[in-house]
Amino acid sequence: MIHIKAKLELIYKSLYKIYGPQGWWPIIKKNSKDTGIACTYHPEDYHIPQNKSQIYEICIGAILTQNTAWKNVEKALINLHQINGLNPKNINKINFEELKQAIRPAGYFNQKAKKIQQFNEFFQNLKNKTPSRENLLNVWGIGPETADSILLYAYKQTSFVIDVYTKRIFSNLGLIDENMKYDEVKSIFEQNIKSDLIIYQEYHALIVEHAKNFYNKKSNYSKDPLIKILQK
DNA sequence: AACCAGGACGTGA
DNA sequence: TCACGTCATGGT
């Protein structure tokens, strides 16, 4: 039997070969005001954050995408940007009701508005430091997956992100137990994958992309091509 | 027209 | 600890 390290590496290389680099996290494309063109997302604009504003944007996106399709999050982020809400300098100036209406398309808007408000306070107290995982988990509204997403994509920390897709895929492949807890699964990945930022970032993004193709609730998991790849 | 999406929190047992 | 209910919009 092949060691789990070799399997995780084989899976990564296979997914990378199939889908190519994903370039997560998506960053909004902000057109200049004088063009009057609405903000949009372009895959070619995905990149590692370059400044504080983009770090903040990723954090807000990570909160907004909780149990929500990214397409809906895009609408909310564009709304937020249009009221100047993605600039960390202005986060105190937006009133609560305006915030709620802007993020409405992302669902759970009452809860998420409160989560964003809580995060804002935390973010400002951070100054320009990198938060620890514990710091993030102490913020109301930030659980393990959101914390790891923020660490990995906003702050470039090698913290592997686990989500429902990860559990579905790897339990289907027999590499983890389906009722393992978050931190158990996380440590399996972190102990068996080279601790490299780009690999961590791409691996999680590739898992999501692959899951969208083969691991929707209604899909038949036995059709996953990774099964045959692992059999060789 | 139900069902689900890149979760997290509150509650009762 | 753990299982379950709740939160909400938009796409299929």
Side-chain angles (χ1 to χ4, degrees), chain A residues 11-12 15 19 21-28 40-41 43 46 49 57-80 96-120 122 131 133-155 159-172 176-186 189 200-221 224:
Chain A
I11 290 169
Y12 176 72
L15 292 178
Y19 303 109
Q22 303 298 299
W24 274 27
W25 192 278
I27 304 282
I28 200 172
T40 51
Y41 273 94
Y46 292 6
E57 177 183 332
I58 291 174
C59 297
I60 299 306
I63 291 171
L64 289 176
T65 199
Q66 291 171 358
N67 201 37
T68 300
W70 182 256
K71 195 72 185 170
N72 292 350
V73 178
E74 285 185 3
K75 298 176 195 291
L77 286 174
I78 289 169
N79 287 344
L80 267 182
F96 196 55
E97 287 308 312
E98 199 178 1
L99 173 62
K100 276 188 183 178
Q101 294 314 310
I103 66 169
R104 197 179 181 115
Y108 310 108
F109 61 90
N110 289 305
Q111 286 190 345
K112 284 177 178 174
K114 185 180 168 189
K115 291 179 181 182
I116 288 174
Q117 213 173 41
Q118 299 283 312
F119 178 78
N120 284 347
F122 171 77
R133 190 166 191 265
E134 275 213 326
N135 289 160
L136 288 165
L137 289 175
N138 283 331
V139 179
W140 186 88
I142 297 185
E145 183 183 342
T146 308
D148 288 331
S149 295
I150 289 174
L151 287 171
L152 180 61
Y153 294 107
Y155 289 100
S159 190
F160 205 90
V161 180
I162 307 300
D163 64 347
V164 283
Y165 286 153
T166 312
K167 290 184 180 175
R168 255 181 235 168
I169 294 177
F170 290 88
S171 63
N172 184 52
I176 65 168
D177 187 353
E178 65 180 330
N179 43 29
M180 270 183 178
K181 288 189 283 186
Y182 187 98
D183 288 335
E184 297 180 73
V185 181
K186 177 181 172 68
F189 278 85
Y200 273 37
Q201 291 181 329
E202 288 294 340
Y203 210 150
H204 173 63
L206 286 166
I207 284 169
V208 173
E209 182 57 32
H210 184 61
K212 283 176 178 170
N213 292 312
F214 295 98
Y215 286 86
N216 287 322
K217 275 259 171 107
K218 52 178 180 175
S219 58
N220 180 3
Y221 301 167
D224 181 0

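Within every chain, numbering begins at 1; the chains are lettered A, B, ... in the order of the sequence lines, protein sequences first and strands thereafter.
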Chemist: Phosphate oxygens OP1/OP2 of B:dA8: is one of them under 4.0 Å from a side-chain N or O of A:Thr146?
Modeler: yes
Chemist: Say you pick atom P in B:dA1 and the same atom in C:dA8; how far apart are they, in whole Å?
Modeler: 25 Å
Chemist: Check every atom of B:dG7, B:dA5, C:dC2 against the side chain of A:Lys181 and return the nucleotide holding the closest atom.
Modeler: C:dC2
Chemist: Output yes when at least one side-chain N/O atom of A:Lys75 is less than 4.0 Å from OP1 or OP2 of C:dG11, else no.
Modeler: yes
Chemist: What nucleotide among C:dG10, B:dC4, B:dA8 has an atom nearest to a side-chain atom of A:Lys217?
Modeler: B:dC4
Chemist: Between B:dG7, C:dA8, C:dG10, which nucleotide gets closest to the side-chain atoms of A:Val164?
Modeler: B:dG7
Chemist: Which whole number of Å gives the distance between the C1' atom of B:dA5 and that of C:dA3?
Modeler: 22 Å
Chemist: Would you call A:Arg168 and A:Asp163 a salt bridge, using N to O less than 4.0 angstrom?
Modeler: no
Chemist: Specify the separation, in whole Å, of atom CG of A:Leu64 and atom P of C:dA8.
Modeler: 13 Å
Chemist: For A:Ile63, which contact category applies under a 4.0 Å heavy-atom criterion: base, sugar-phosphate, or nothing?
Modeler: nothing
Chemist: Could you check how far CD1 of A:Ile162 sits from C1' of B:dA8, rounded to whole Å?
Modeler: 17 Å
Chemist: How many whole angstroms separate atom OH of A:Tyr108 from atom P of B:dC4?
Modeler: 12 Å
Chemist: Could you check, using the six-membered ring where one of them is a Trp, whether A:Tyr19 and A:His210 have ring centers closer than 6.0 angstrom?
Modeler: yes
Chemist: How would you label the contact of A:Gly107 with the nucleic acid (heavy atoms, under 4.0 Å): base, sugar-phosphate, or nothing?
Modeler: base
Chemist: Let me spell it out: for each of A:Lys218 and A:Gln111, pick the nucleotide of DNA chain B with the closest heavy atom. Which residue's pick is nearer the 5' end?
Modeler: A:Lys218
Chemist: What is the separation between atom CG on A:Asn67 and atom P on B:dC9, rounded to the nearest whole Å?
Modeler: 13 Å
Chemist: Are A:Phe170 and A:Phe189 close enough, and set up right, to give a side chain to side chain contact (heavy atoms under 4.5 Å, CB included), and what steps lead you there?
Modeler: CA-CA 11 Å; A:Phe170 290 88; A:Phe189 278 85; 3.6 Å; yes
Chemist: Considering only B:dG7, B:dA5, C:dT9, which nucleotide approaches the side chain of A:Pro105 most closely?
Modeler: C:dT9
Chemist: Are A:Tyr165 and A:Tyr215 an aromatic pair, judged by ring center distance below 6.0 Å?
Modeler: no
Chemist: Is A:Asn110 close enough to C:dA8 that one of its side-chain N or O atoms is under 4.0 Å from OP1 or OP2 there?
Modeler: yes
Chemist: Starting at CG of A:Asn79 and ending at C1' of C:dG10, how long is that distance when rounded to a whole Å?
Modeler: 13 Å
Chemist: Taking the nucleotide of DNA chain B with the nearest heavy atom to each, does A:Trp140 or A:Asn216 sit closer to the 5' end?
Modeler: A:Asn216
Chemist: By the 4.0 Å heavy-atom rule, please label A:Tyr165 as base, sugar-phosphate, or nothing.
Modeler: sugar-phosphate
Chemist: Taking the side chain of A:Phe109 as heavy atoms from C-beta outward, which of B:dA5, B:dA8, C:dT9 is closest to it?
Modeler: C:dT9
Chemist: State whether A:Arg168 places a side-chain N or O below 4.0 Å from either non-bridging phosphate oxygen (OP1 or OP2) of B:dA5.
Modeler: yes
Chemist: Rounded to whole angstroms, how far apart are NZ on A:Lys112 and P on C:dA8?
Modeler: 9 Å
Chemist: Round to a whole Å and report the spacing from CG of A:Asp183 to C1' of B:dA8.
Modeler: 14 Å
Chemist: C:dA8, B:dA8, C:dG10: which one has an atom nearest the side-chain heavy atoms of A:Pro144?
Modeler: B:dA8
Chemist: Tell me the interatomic distance from A:Arg104, atom CZ, to C:dC7, atom C1', rounded to whole angstroms.
Modeler: 13 Å
Chemist: Please test A:Glu145 against A:Val161 for side chain to side chain contact (heavy atoms under 4.5 Å, CB included), starting from the C-alpha separation and ending with a verdict.
Modeler: CA-CA 6 Å; A:Glu145 183 183 342; A:Val161 180; 3.7 Å; yes
Chemist: Are any non-hydrogen side-chain atoms of A:Ile207 and A:Tyr12 less than 4.5 angstrom apart?
Modeler: no
